[in-house]
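These notes are about the structure you will find just below.
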2 protein chains.
Amino acid sequence: MKRTTLKDIAKALNTTIATVSRALHDNPEISDEMKNRVREVAKLYDYKPNSTALSLKFQKSYTFGVIFFTLNQYFTTQILSGLLQEATKNGYKLIVAESNYDPKKELELIQEFYELNVDGILILPSRKLNTKRFELENIIRDDVPFVIIDRTIYFEKKKIPFITSDDYVGTREGISHLIKKGYKRFAQIKGLDSSSISNIRYQAFLETLTRHKLEIDHRKIISCQEFTKEEGEELANQLMSLEDKPDVIFCISDMVAVGVLHALRKKGYRVPEDVAVLGFSNSNICEVCTPQLSTIHQPGVEMGKKSIKLILSNIKQKKDISDVKIVMKTKLIEREST
Amino acid sequence: MKRTTLKDIAKALNTTIATVSRALHDNPEISDEMKNRVREVAKLYDYKPNSTALSLKFQKSYTFGVIFFTLNQYFTTQILSGLLQEATKNGYKLIVAESNYDPKKELELIQEFYELNVDGILILPSRKLNTKRFELENIIRDDVPFVIIDRTIYFEKKKIPFITSDDYVGTREGISHLIKKGYKRFAQIKGLDSSSISNIRYQAFLETLTRHKLEIDHRKIISCQEFTKEEGEELANQLMSLEDKPDVIFCISDMVAVGVLHALRKKGYRVPEDVAVLGFSNSNICEVCTPQLSTIHQPGVEMGKKSIKLILSNIKQKKDISDVKIVMKTKLIEREST
DNA sequence: TTGTAGGCGTTATCAC
DNA sequence: GTGATAACGCCTACAA
């Protein structure tokens with residue numbers, strides 16, 4: 001039941017492994033007769049080259065390591081799908097790991113991936129990885145391409161390519177669309193200040209309102225931590241207990257927006273008449289909730305594919321990708337909640 | 001920037017790689033002095049053993065190959081999370097692949113995994129893999145453990161371990177609970193007849209009704225293919241256009257159930273007063289929809305963990321697992337739709 | 001206590 | 001046209 005090797009074939013044909021190897025590679029120096037005999041036996045024995053040996057020989061594993069801060073979100077699994085599709089299409093495998101929001105684990109996983117001789121590393125980091133960016137900068141090796149997906153982390157000296165969705169424009173489009181519809185009192189449920197993603201959306205939110213000469217009420221801008229439905233409910237209640245109630249609640253995630261919807265319904269507010277609710281990501285829950293949730297679509301699958309293309313452009317065409325920053329278009333998806 | 005090898009350390013210390021290797025393995029034959037010197041240099045050079053070389057040497061990769069028919073469902077990503085947790089905990093990596101419901105691709109992926117020298121293969125097969133079970137049986141190798149998750153496939157000669165959720169008991173509990181509540185006219189939206197999962201739930205559905213001496217109306221039992229919300233809506237409309245309308249619709253998946261809910265609401269039926277709706281899986285959409293969906297919880301994360309434990313019991317303790325069939329408890333989750 | 005050499009499976013550079 | 005051999009990085013039985 002052991003796998004057949006070149007040696008086995010060589011023995012069977014009373015020749016050497018060198019000849020067998022060459023024959024299987026269709027080396028012109030080998031006679032057609034020998035080639036045929038080798039191929040025949042190879043087929044008979046169901047010979048398959050040993051990829052571990054090849055990895056050792058060529059110092060390449062045709063493997064990428066991928067780290068997700070979680071796989072428990074629709075958006076992240078969409079990215080995984082995209083990564084897988086493009087990777088397998090190009091003959092690469094993916095070793096997948098989940099850090100569960102733990103930046104320390106992310107650093108460890110990166111080290112492990114290097115030890116595994118992966119040909120590249122892609123990471124959807126937790127928000128907190130930014131606090132460990134100095135350690136990260138020291139760990140990252142220059143000879144193995146590294147791509148950061150969805151977030152942006154700035155280093156002292158190193159240049160690392162990023163791939164994100166265009167949350168700035170996405171937010172701007174969403175907000176200005178609502179402004180055009182006549183909404184005026186905008187609230188935002190954002191993430192923590194340490195999140196690059198949250199900050200971009202926050203900036204876009206502020207600047208879009210400012211450009212349209214709308215007042216910005218900072219009591220209507222609050223942060224959530226866990227991005228859960230429960231948190232969304234709680235924060236919505238908080239917002240609706242303000243003297244001057246919002247007529248738009250722009251949320252950091254779809255799940256938070258769903259929580260907001262629930263809270264609003266419980267309190268008897270009509271959506272979108274009294275209050276419009278806008279989510280972010282376009283996950284599978286948007287079509288499920290009532291009213292169906294308007295949101296800003298992030299192209300997860302495409303981002304995954306693009307990430308692999310990017311890393312392969314470095315590996316195959318030796319392109320310098322260290323300066324690359326890919327920003328993928330988002331799209332406003334209007335449903336019933338706005 | 002090249003990784004340091006035993007050779008580098010040996011050269012630095014004017015000794016041989018054998019000595020270095022032994023010193024690093026704390027071999028008692030090596031003098032303490034040499035050990036210290038080796039360790040020092042190893043640390044200095046940041047030596048890390050080359051796992052590819054070890055794989056080649058020991059014919060083990062500490063890697064499992066995992067195949068998912070899709071990663072686009074909450075349940076499957078829960079399983080992935082469980083697999084990852086337990087695998088990394090035990091020092092194993094996961095190479096992940098997605099077959100996109102294509103049984104041919106599944107067979108190919110299995111072959112590829114063998115060529116990669118994985119130490120085990122786990123698969124959540126597509127329904128259609130059963131049609132290729134003869135080919136599958138021929139492909140599966142006896143020296144690499146193989147585990148089938150979520151579905152059951154029966155072979156001529158080979159014995160393969162399965163791990164599934166107890167859909168029979170889950171269905172029975174769900175249905176009998178509804179019977180106790182006074183519902184009488186049960187409809188089922190099941191999957192195709194070629195699906196082992198669907199059939200188990202179908203059997204449990206029939207037998208539970210029979211045991212409670214309730215009439216079985218076969219016009220109320222219909223199949224869906226894509227498990228989408230749209231299909232759920234369509235089939236619900238079909239069911240509600242029957243002369244004798246059902247007062248329960250038991251669905252093959254949560255997403256289908258959500259479609260049913262939408263259709264019922266559009267037609268003005270009240271849930272759960274006029275019609276109760278029961279889903280399957282307990283995915284994240286259940287709490288999102290209105291009314292919140294009652295469902296039968298499948299323990300995805302636990303199934304993933306258990307699968308790894310199973311395969312490791314074969315690898316580490318040499319246990320024969322070929323006859324194992326693990327059936328994990330489900331749990332009825334009652335929410336607003338029943 | 002340490003060194004030598006063979007082998008894991010492959011490719012590539014020499015010879016012949 | 002084919003064979004022998006070194007090398008990839010590591011471990012280990014056997015020598016010394």
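The structure presented is a predicted model; accordingly, all values stated were derived computationally and were not measured. By convention in this document, chain letters (A, B, ...) are assigned in the order of the sequence lines, proteins followed by strands, and residues within each chain are numbered from 1.
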Residue pair A/R141, A/D143: steps toward the salt bridge (charged side-chain N to carboxylate O under 4.0 Å, His left out) verdict: CA-CA 6 Å; A/R141 294 169 42 157; A/D143 54 345; 2.8 Å; yes
Could you give the [atom1]-to-[atom2] distance, from [X] to [N], as a whole number of Å?
X: A/N14; N: D/dG3; atom1: CG; atom2: C1'; result: 13 Å
X: B/L24; N: D/dG9; atom1: CG; atom2: P; result: 16 Å
X: B/I9; N: D/dC11; atom1: CD1; atom2: P; result: 11 Å
X: A/K11; N: C/dG9; atom1: NZ; atom2: C1'; result: 13 Å
X: A/Q59; N: D/dA7; atom1: CD; atom2: C1'; result: 10 Å
X: B/R37; N: C/dT2; atom1: CZ; atom2: C1'; result: 12 Å

Quiz item: cation-pi between A/R151 and A/F69, 6.0 Å / 45°: yes
Ring geometry between B/F162 and B/Y154 (parallel below 30°, tilted from 30 to 60°, perpendicular above 60°): perpendicular
Would you please say whether a donor-acceptor pair under 3.5 Å links the side chains of [X] and [Y]?
X: A/D320; Y: A/N314; result: no
X: A/T52; Y: B/N117; result: yes
X: B/T16; Y: B/T19; result: yes
X: A/R127; Y: A/S194; result: yes

Protein proximity profile, nucleotides 10-16 of chain C - base contact B, sugar-phosphate-only contact S, no contact -, cut-off 4.0 Å on heavy atoms: BBBB---
Side-chain N,O (B/T19) to OP1/OP2 (C/dT2) below 4.0 Å: no
Nearest-0.5 Å distance that lies between atom CD1 in B/I110 and atom CD in B/E135: 10.5 Å
Most 5' of B/L56 and B/T15 on DNA chain C, judged by nearest nucleotide: B/T15
Flag if over 12 foreign heavy atoms under 6.0 Å of CD, B/Q111: yes
Angle of first-five versus last-five pair axes in the helix from C/dT1-D/dA16 to C/dC16-D/dG1, to 10 degrees: 60°
